[in-house]
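Worksheet for the structure shown next.
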Amino acid sequence: MLASRTSHFVESVIRDMTRLSLKHNAINLAQGFPDFPAPLELKRAAASAIMDDYNQYSITWGAKDLRDEISRKAREYNHIDADPDTQITLTCGSTEAMMATMLALINEGDEAIIFEPFYENYGPDAAVSGAVPRFVPLNDDNSINEDALYSAFNNKTRVLILNTPNNPCGKVFTRGEMKMIADLCADNDVIAVTDEIYEYILYDNKKHISIGSLEDMKDRTITISGFSKTYSVTGWRIGYALAEKELSSAIRKVHDFLTVGAPAPLQHACVTALRFPDSYYKELAAMYDGKRKFLFDALIKSGFKCKEPEGAYYILADLPDGVKMDDMEFAKYMVREVGVAAVPGSSFYKSEAGKHKLRFTFSKKDETLKEAARRLTHLNV
Ligand code: GLN
């Protein structure tokens, strides 16, 4: 007999599409990870860390030198004060940080407010921790539907999950929106769990704002981020959670028994990452900006309807006019017949709204994107 909690979610469709893509030798614009090399200096730092014998467990909540650097980065970039000794926990990717946070906060039946479209993991995070998800759809222009948000709060609401920049739609929440969310969280005694993994991937002068930097939110926010996307090392699995002391201590307990700790030598290498100059982050955003424009043009030319994202590295596109297939059928058709893999939109929606959408990532080499664009011209709908 299997635990009923596993019956409330399916295996990741994103990773399923990667497997299908490999099988059909398609270009994988499904799973969001770079196919280009990680920064050389970072690879050298990781190799040296292994040779210097940082090969045993680190302290469960993370190596001290890395927590110190994260504390500095959080102060300077996120405007959040986090004591490295009591408020920072290193985890196996921000995926574990999310799950450990939910397990630390949720009692069976508590409600979790989640904006739609949402990152695939939040459904299983809710299911495993026992939370009842309450989805609040964004408006068509990605603005917040204030009435819907207001009415989602009730006396069972425990957390609100925020993801900015958003995967899959690329929305970057504004300070005004954050203020509105913060007021609702404070009035209803709700904790914000915020996934900021794309915090450096922003376009058109958009600014990243951490809700945890708002005065009322200091003690009621878990700020989650990691190294995967900013430094193109998704396989290293180094993420972290920043939170007030008592919240952190609960997260640390869960984390300790889930994984003991994130990989020690790679944590050590991440200290080097956090010391990269400002130019690194400018170049990263500029590189993705070029890729964003390229993929956007290719999708528009082949009949998809989409907006350019404000941040992150995905485009969520409506299927071309005349397509009779749903998102899943069309995604499978694309992998098989066109040779390009994307993620069916329904992975990001509870409602039917995703059934006419696909998500494409542009976190790929220019030559990969060019070949995808060439193949997309053969789309025959
Ligand atoms: N975050 C990435 C995506 O949305 C990768 C997901 C994963 O496989 N962990 O595609």
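Both ligands and their constituent atoms are indexed starting at 1 by order of listing. Side-chain atoms are counted along with the backbone in the values below, which use heavy atoms only and exclude waters and symmetry mates.
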**Request:** Report yes or no: does a heavy atom of Y313 sit under 4.0 Å from some atom of ligand 1?
**Result:** no
**Request:** With E111 as reference, evaluate R158, K156, R134 under the side chain to side chain donor-acceptor pair (under 3.5 Å) test and give the passing residue.
**Result:** R134
**Prompt:** How close does the nearest protein non-hydrogen atom get to atom 1 (N) of ligand 1, and which residue and atom is it?
**Reply:** K229 NZ, 3.1 Å
**Request:** Can you pull out the closest protein heavy atom to atom 6 (C) of ligand 1? Residue, atom name and distance to 0.1 Å, please.
**Result:** Y119 OH, 3.2 Å
**Asked** Which residue owns the protein heavy atom closest to atom 3 (C) of ligand 1, what's the atom, and how far is it?
**Response** Y314 OH, 3.1 Å
**Fill in**
Checking heavy atoms under 4.0 Å, the part of N167 that sits near ligand 1 is side chain
**Item:** Atoms of ligand 1, numbered as shown, that sit under 4.0 Å from any heavy atom of I14
**Value:** 3 (C), 4 (O), 10 (O)
**Item:** Proximity flag F33 to ligand 1, non-hydrogen atoms under 4.0 Å
**Value:** no
**Nearest protein heavy atom with distance in Å, relative to atom 9 (N) of ligand 1** = R15 NH1, 3.0 Å
**Message:** Just to be sure I read this right, does ligand 1 sit under 4.0 Å from the backbone of M17, its side chain, both, or neither, counting only heavy atoms?
**Reply:** neither
**Message:** With respect to G32, determine whether any N or O atom, backbone or side chain, lies less than 3.5 Å from an N or O atom of ligand 1.
**Reply:** yes
**Worked verdict on S351 versus E116 for side chain to side chain donor-acceptor pair (under 3.5 Å)** = CA-CA 9 Å; S351 67; E116 183 193 67; 3.1 Å; yes
**Message:** If the condition is salt bridge (charged side-chain N to carboxylate O under 4.0 Å, His left out), which residues does R275 pass it with, not counting sequence neighbours?
**Reply:** E69
**Prompt:** Counting both backbone and side chain atoms, is some N or O of T95 under 3.5 Å from an N or O of ligand 1?
**Reply:** no
**Message:** Any carboxylate oxygen within less than 4.0 angstrom of a Lys/Arg side-chain nitrogen, looking at D289 and K293?
**Reply:** yes
**Prompt:** Taking the six-membered ring where the residue is Trp, are the ring centres of Y288 and Y313 under 6.0 Å apart?
**Reply:** yes
**Prompt:** With a cut-off of under 6.0 Å to the ring centre and 45° to the axis, is K364 in cation-pi contact with F33?
**Reply:** yes
**Message:** Looking at ligand 1, is there an atom of it that comes within less than 4.0 Å of some heavy atom belonging to E120?
**Reply:** no
**Request:** Please confirm whether K332 makes a cation-pi placement over F330, using NZ or CZ under 6.0 Å from the six-membered ring centre and within 45° of the ring normal.
**Result:** no
**Prompt:** What part of R237, side chain, backbone, both or neither, has a heavy atom within less than 4.0 angstrom of ligand 1?
**Reply:** neither
**Residue list, side chain to side chain contact (heavy atoms under 4.5 Å, CB included) with E146, at least two apart or on another chain** = M180
**Request:** Assess the pair Y280 and Y231: is the distance between their ring centroids shorter than 6.0 Å?
**Result:** yes
**Request:** Pull out every atom of ligand 1 sitting under 4.0 Å from any heavy atom of Y198, numbered as shown with elements.
**Result:** 1 (N)
